[in-house]
Amino acid sequence: MATPTLQVALDLLELDRAVEIAGEAVRGGADWIEVGTPLIKSEGMQAVRVLRERFPGHEIVADMKIADTGAIEVEMAAKSGAGIVCILADADDTVIVEAVRSARKYGVRLMADLINVADPVSRSRELAALGVDYINAHVGIDQQMIGRSSLDLLRRLAGEVGTPVAVAGGLDAETASEAVAAGASVVIVGGNIVKAADVTGAARRVREAIDRPEIRPREEESRDAVIRRLFEGVSAPNVTDAMHRKGAMAGIVSLSGRVRAVGPAVTVRTVAGDWAKPVEAIDVAGPGDVLVISNDGRTDVAPWGELATHSAKNRGVSGIVIDGAARDVDDIRAMGFPVFATATVPNAGDPKGLGEINTEITCCGQEVRPGDWIVADESGVVVVPRERAYEVARRAMEVRKTEERIREEIRRGKTLSEVSELLKWERRH
Ligand SMILES: O=C([C@H](O)CO)[C@H](O)[C@H](O)COP(=O)(O)O
């Protein structure tokens with residue numbers, strides 16, 4: 001079997017950064033350089049021209065995702081220096097046929113992207129018959145966020161398609177190795193190389209992995225375990241960024257200093273500092289849950305204090321969030337247990353038993369339902385609707401990864417404004 005090709009996908013918006021990152025990826029062993037769709041949309045064919053010029057010894061792949069006017073778009077990419085041009089596999093056959101004719105005329109190859117194709121095996125066979133050179137088993141970035149897997153798609157094609165198969169979609173060193181074992185001849189990696197602070201090191205790890213293909217036994221991890229692992233690896237700001245700046249509770253701070261709380265919510269509604277329901281909720285909560293207590297934002301009386309904290313800690317509760325006040329802050333801080341509140345006050349309420357456990361509540365301006373996920377740190381508290389928890393956790397991790405590379409470029413001397421080309425991206429009115 002020929003050595004598999006490593007294609008690095010430059011899904012960036014800025015050409016200067018893309019050139020720098022491509023250089024680092026090539027040093028780590030990338031063979032082909034993909035001008036990603038976002039880069040083409042941001043910089044046009046100039047991105048293909050510049051990368052062609054700067055990397056004369058490497059194949060340039062233009063991820064045009066052609067949906068119409070197959071001939072013109074292939075011609076544009078070919079004349080700009082691409083050797084491989086990407087077309088959508090579910091484009092109409094008229095588009096594919098025109099693209100193939102144009103590819104033959106200009107001496108380039110066509111790669112068909114299976115993103116969103118309902119029957120990938122039969123469509124791949126049709127595409128091969130129409131003259132497409134590569135099939136790309138691709139699961140798009142948004143699809144990855146809800147758990148779709150490019151390896152699963154690739155395995156459906158194994159042994160069914162004669163055309164060389166590429167694979168793309170959230171691959172890293174581990175999955176790239178499995179992809180080659182499953183028959184991929186081109187491994188396409190975007191985010192897990194280009195977002196790394198050390199792009200060369202990340203590319204090298206993928207290179208070494210695809211040179212030693214192996215199938216690893218799958219470790220089964222429940223969806224909740226994945227959600228928790230991902231949320232534990234990101235910050236509350238990463239999570240709001242992932243939700244288009246939504247979900248943050250207003251006016252609430254950590255009383256315990258540098259602590260974090262992550263887990264599904266057990267909700268409590270109480271009134272006038274009545275601490276019966278908050279304390280009963282400790283027994284309802286399981287290890288890893290977060291108690292979210294609405295005391296109507298009252299700051300003159302506390303439904304939570306040191307003894308309750310001690311009990312919650314023993315139970316394995318992950319943290320406490322209160323729309324209202326807490327007391328015994330010095331003891332809570334000494335315990336290192338995460339309590340978030342809007343105020344502190346020495347007064348306790350009385351245990352009358354008013355209120356409810358595990359009903360929908362509003363806490364610091366956010367609706368919270370039982371089972372919604374809470375991510376809290378020193379920046380504040382974010383609530384994630386339970387049905388979106390997996391997707392938001394994946395997206396938050398992508399936010400964190402993106403920041404890793406930006407941080408590295410600032411460390412090397414650029415300003416944040418330069419890295420993100422703020423002036424270019426100011427909104428035009
Ligand atoms: O094609 C891609 C995507 O649609 C954005 O243009 C990516 O290049 C491809 O998915 C590889 O990137 P990762 O999924 O981040 O590895």
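As the structure lists them, so they are numbered: ligands from 1, and atoms in each ligand from 1. For the single chain, residues carry numbers from 1 onward in sequence order.
With hydrogens and angles left out, the side-chain atoms of D224 and S222 include no donor and acceptor closer than 3.5 Å. Between the side chains of S235 and N238, a donor-acceptor pair is found at a separation under 3.5 Å. Side-chain polar atoms of T37 and D63 form a donor-acceptor pair below 3.5 angstrom. Residues S420 and W425 bring no donor and acceptor atom of their side chains to less than 3.5 Å of each other.
Using a 4.0 Å heavy-atom criterion, the residues that approach ligand 1 are A9, D11, E34, T37, P38, D63, K65, H138, I141, Q144, G169, G170, V189, G190, G191.
Listed by first then second residue, pairs satisfying side chain to side chain donor-acceptor pair (under 3.5 Å) with a partner in residues 372-383 read R369-D372, not counting sequence neighbours.
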- Worked verdict on R104 versus D133 for salt bridge (charged side-chain N to carboxylate O under 4.0 Å, His left out): CA-CA 11 Å; R104 299 292 178 265; D133 302 282; 3.6 Å; yes
